[in-house]
Amino acid sequence: MKYTKEYFLRFMEIFAKHLAENKDYLTQLDAAIGDGDHGINMDRGAKTALQRLSDTNPSTPSAVLRTIGMALLSSVGGAAGPLYGTAFMKMSIALGNKEEIDDKELVKALEQALLGIKGLGKAQVGEKTMVDVWEPVVTFLKEEIINGNKELKDVCNELVLLAEERMKATIPMQARKGRASYLGERSIGHQDPGATSSYLFFKSLCEALGGN
Amino acid sequence: MKYTKEYFLRFMEIFAKHLAENKDYLTQLDAAIGDGDHGINMDRGAKTALQRLSDTNPSTPSAVLRTIGMALLSSVGGAAGPLYGTAFMKMSIALGNKEEIDDKELVKALEQALLGIKGLGKAQVGEKTMVDVWEPVVTFLKEEIINGNKELKDVCNELVLLAEERMKATIPMQARKGRASYLGERSIGHQDPGATSSYLFFKSLCEALGGN
Amino acid sequence: MKKLINNPEHVVKEMLEGMAAAHPELIKVHFDPNFIYRADAPIKGKVVLISGGGSGHEPLHGGYVGKGMLDAACPGQVFTSPTPDQMYEAAKTVEGGAGILFIVKNYTGDVMNFDMAADLLRSEGYKVESVVIADDVAVEESLYSAGRRGVGGTVFAEKIGGAAAERGWALEEVKRVVQKVADNVRSIGIALTPCTVPAAGKPTFELGEDEFEFGIGIHGEPGRKRLKIKPADEIVQMMMDAILADMPLEKGDEVALLINGMGGTPLMELYIVNRKVSQILDSIGVKRYKTLVGNYITSLEMQGASVTVLRLDDELKELLEDPVLTPALRWKS
Amino acid sequence: MKKLINNPEHVVKEMLEGMAAAHPELIKVHFDPNFIYRADAPIKGKVVLISGGGSGHEPLHGGYVGKGMLDAACPGQVFTSPTPDQMYEAAKTVEGGAGILFIVKNYTGDVMNFDMAADLLRSEGYKVESVVIADDVAVEESLYSAGRRGVGGTVFAEKIGGAAAERGWALEEVKRVVQKVADNVRSIGIALTPCTVPAAGKPTFELGEDEFEFGIGIHGEPGRKRLKIKPADEIVQMMMDAILADMPLEKGDEVALLINGMGGTPLMELYIVNRKVSQILDSIGVKRYKTLVGNYITSLEMQGASVTVLRLDDELKELLEDPVLTPALRWKS
Ligand SMILES: Nc1ncnc2c1ncn2[C@@H]1O[C@H](COP(=O)(O)OP(=O)(O)O)[C@@H](O)[C@H]1O
Ligand SMILES: Nc1ncnc2c1ncn2[C@@H]1O[C@H](COP(=O)(O)OP(=O)(O)O)[C@@H](O)[C@H]1O
Ligand SMILES: [Mg+2]
Ligand SMILES: [Mg+2]
Ligand SMILES: [Mg+2]
Ligand SMILES: [Mg+2]
């Protein structure tokens, strides 16, 4: 399949819709082990991104992702702002100025995004952060799409299930990074908000494929 | 009947007991239309007075009342402190240094106390203050004891009923003096805390007569 | 009731001990009777300013003891007027031979207790004058009540009177200028929550989850009316309407503002209040000469705010600018 | 949620407007991106200090902009780190050619956002250094977490660093002395109530009527443990034990103290806390050189307090005493 700028615009609309619908839920998750702003921040960021996209009408996938990245960087704040902002910026850089992207290029861009997140936040899998969703999902996509020559649409059911499972797997973890780590053992038993918004991120990538 | 210093000591103990028992009640009344401290203040004052009496062991009725007055003045604060303090000081002055006081002298002392309260607070009957109990009660005592030659013990039932009735009569009044006056019409429908402690004052005067 | 205290009966004493420990270079504390006084008192030939009132309004008054403001402050029990012996002993400790000015907030108990202290001191030959501060426009028909309450205007009265005394003015002059403040200052307060007097253990009044109290005093006494909560700008408009109805200001007038928190309100909200107050004054051409924003006269942990407007002339402006060095207010020193 | 606000989404902007209206002689405010900066900026040849963090901690940081303290402060949304464009624009507005020092509270988001801003500025040729403040001893196993949080120690870092910069010290020297503060300061906080972020509309956590939270941060995040409420003296003893276990003090050591209210606690209670803190330090022969008591770094309307102890040497004492003139801290000017 080919991914055009329209795909990424659709993705951002769907991601924004999920963030808006889950604003309170994400905020509640963050209130339990953080400072209760993750949903508010992500929702504000997504709305800013949509606004900037409609104001500036970028012409390539890379330009769309750059616009989103800059919008998130300058409007989300907190830990999630630079992390998601960097993720989109890295994807933008990875895509160069192509009009159309193929599945392998898309996965490589996501891999760069993951590296950006890990470079900035220094988190490893198991530390109860968004990395706990991103890393296994990107590994899965590399396996299936780059090595296995499948397309994203072929693996979407599995991908969303995997993201959800990894998101839930953060519940028994003790946080080692971010605000939740201050709680020590009291962070155990709660789902990580950033892992949850990351699940929504990957779900949106898939939903943007169809009319869905 | 003759009133010795023991009578006044007994009176203060009974008054203190009533104030302690009604501390919360008086405070609640004051919270409704004032600042919620009348019971606390009077209870603290009465305890201070008892302490000073036992420390200094004054030898005459006048000295007992002076000790009480000074204790109230320096420990009650608020509006009630100077008003009750002045009342006891004026009684003390009125009694000179007699060892024994008769009924008429007692009533004259109470009349001086009332004048002291009115001189300091400038309140008239009907303004929802302690004067609404003090003035009718003192008028009644003058009538019965000074003009009618009765003794306090003969009129105690009536006196306590009268004090209670005048206390309750403050409920429909609109306050014109003290903190409650700030409420304007909202002070209507609440019983005045100072009138209530004044009722306890006169009740204690009577109860100090018997073993009661 | 949850409070960072030990024993409700010892809060005032322990607070005073904590104050003495924090500011030894500025103030000293005397116990039994309780008063806070300037570390450098008595100052020969200086008129002394003494104020006082119930505790629970901190930093008022103890926080305003120091150079260029009060010479002594007499804290009563929480929300309870101090007793005459406090003012009497404080005056004797700090007075410097040039007379004593009492600054009294207009509450029945305060006025009576200060009056008794003044009588005592006068009977011993001291020159004592009083100015009563009654700036709360929430109290409407003041002819039929104990009169307006003294609230935020007290801070300006103490600052400006303190400056005059520090300059060496005579008692009559210090009194005149404090009276001028009293005549030209208006305040009004609102509350979103009540507060709890430690010894009482329960809130002073009840307020619904969607209500606020308009025209609150500083003792947890309810106010003028209870209303459904509104946006800050609408509440501030009501407050300024009440003040301006009572003391109309004209284009070109200059004012000092005190945007005061009642103790439990974040500074963020006070600045949001100041934004609207400033807009209203700007729109009628009144010049904001100086603005204080913060907790200056409080009601324990009450959430709410008051606005105080002082109309200035050149004399008041100069005295307001004079150096002040106290625990809670300091500039130019 | 009852607050004196208009729209939860506009609280930061409206607060900034209110600040600008209150203190025009000291600060200016830039919007989009938001930052507060010294009215007299840029100052040629002076190292500039920039800090920032989530809003809701007022007066931190905006209240500390002015002579002898910060050159600019970048307020994020409530309890949310500011974004890199804020620090970037603020730095370009105030820098005077002698370099830029970022003072960053140690939170993942703050550190990442300041780092991104520093990278951007460095790529344009500016000299940028950062000191991270991580003074909260409540965070125990800091090797397995994001590290200690930056809390009350930040106030001292900004004051002392600001004095060094005002004296004309070079960037390396200013950084050195701020790092010295960071190394010698410890804090711990407790909360009696949570607070409510306006945009969230409900409390950040729940606390029983008879509980307090020990080791609270400043973002409404829960602390080390939840305990049954105790007398203030016992709570303060626990707090001081935690600080002294981490930074043992010896007889003859001198310290500066910050007895800080979380926003909703009456000054009376803070002084009661200071009483016990002072008693504990006195009992081990530690000299209290300077004590600040009040709301310096808050969590909206949270009830609670934090204690910060800074171990001093002669250099820190001198810089601490230097004049400072900001909306929320001023002396000798
Ligand atoms: N160092 C890190 N690396 C990766 N993700 C992180 C890191 N720190 C925090 N996060 C993620 O950020 C989320 C919190 O985001 P948010 O609430 O917006 O920021 P803040 O903690 O500053 O309020 C966490 O749930 C976690 O998934
Ligand atoms: N001017 C006055 N004259 C007589 N009694 C008064 C006057 N003002 C107040 N009082 C009495 O004092 C009572 C309140 O006492 P208290 O609560 O101790 O003082 P405060 O109002 O200073 O808190 C009122 O209920 C009223 O009876
Ligand atoms: Mg968060
Ligand atoms: Mg009362
Ligand atoms: Mg009272
Ligand atoms: Mg946050």
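All chains are named by letter (A, B, ...) in the order of the sequence lines, taking the proteins before the strands, and each is independently numbered beginning at 1. Just so we're clear, the structure is a prediction, and the values are computed from it rather than from any experiment.
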Does D:N113 reach the main-chain N or O of D:S81 with its side chain, forming a donor-acceptor pair under 3.5 Å?
-> no
Using non-hydrogen atoms and a limit below 4.5 Å, what part of residues 97-129 of chain A faces chain D?
-> A:L120, A:G121
Chain D shares the most heavy-atom pairs under 4.5 Å, among A:S181, A:A79, A:G78, A:G81, with A:G78
Are a donor atom and an acceptor atom from the side chains of D:H30 and D:E89 found within less than 3.5 Å of each other?
-> no
Among A:Q28, A:R179, A:M70, A:K23, which has the most heavy-atom pairs under 4.5 Å with chain D?
-> A:R179
Would you mind checking which part of D:D85 comes under 4.5 Å of any heavy atom in chain A, side chain (CB onward), backbone (N, CA, C, O), both or neither?
-> side chain
Taking only Lys NZ, Arg NE, NH1 and NH2, and the carboxylate oxygens of Asp or Glu, determine whether A:E13 and A:K17 approach each other closer than 4.0 Å.
-> no
Could you check whether the rings of A:F8 and A:Y3 sit parallel, tilted or perpendicular, using 30° and 60° as the cut-offs?
-> tilted
With a 4.5 angstrom heavy-atom cut-off, which part of D:N106 approaches chain A: side chain, backbone, both or neither?
-> backbone
Is it the side chain or the backbone of A:S75 that comes within 4.5 Å of chain D heavy atoms, both, or neither?
-> backbone
Do D:F79 and D:Y107 pass the ring-ring contact (aromatic ring centres under 6.0 Å, His included) test, and can you show the C-alpha distance, the side-chain angles, and the key distance before you say yes or no?
-> CA-CA 11 Å; D:F79 290 0; D:Y107 296 95; 9.9 Å; no
A:H38, A:K168, A:Q191, A:E164 screened by side-chain hydrogen bond (donor to acceptor under 3.5 Å, both in side chains) with A:T196, the one that passes = A:Q191
A:D132 with A:R166: basic N within carboxylate O range, under 4.0 Å = no
Looking only at A:A80, A:G77, A:A31, most heavy-atom pairs under 4.5 Å shared with chain D are made by A:G77
Residue selection (most heavy-atom pairs with chain D, distance under 4.5 Å) from A:I33, A:T27, A:L73 | A:L73
Name, in order of residue number, those residues of residues 39-63 of chain A that have a heavy atom at a distance of less than 4.5 Å from a heavy atom in chain D; otherwise write 'none'.
-> A:I40, A:N41, A:R44
How about D:T83 and D:Q86: does a side-chain donor come under 3.5 Å of a side-chain acceptor?
-> yes
Please look at A:S74 and chain D and tell me whether the side chain, the backbone, both or neither of the residue comes under 4.5 angstrom of a heavy atom of that chain.
-> both
Donor-acceptor pair between A:S197 and A:Y84 side chains, under 3.5 angstrom = yes
Identify the heavy atoms of D:A242 and D:R224 that sit nearest to each other, and give their distance.
-> CB-NH2, 4.3 Å
Between D:Y88 and D:Y126, does the ring centre distance come in under 6.0 Å?
-> no
Atom pair CG (D:L300) and CD1 (D:I218), whose distance is rounded to the nearest 0.5 Å | 10.5 Å
Does the side chain of D:K105 pick up a donor-acceptor pair with the side chain of D:H61 at under 3.5 Å?
-> yes
Among the listed options A:A180, A:G85, A:A32, A:G178, the residue most often paired with chain D at heavy-atom distances under 4.5 Å = A:G178
Give a yes-or-no answer on whether the side chains of D:E14 and D:N6 include a donor-acceptor pair shorter than 3.5 Å.
-> yes
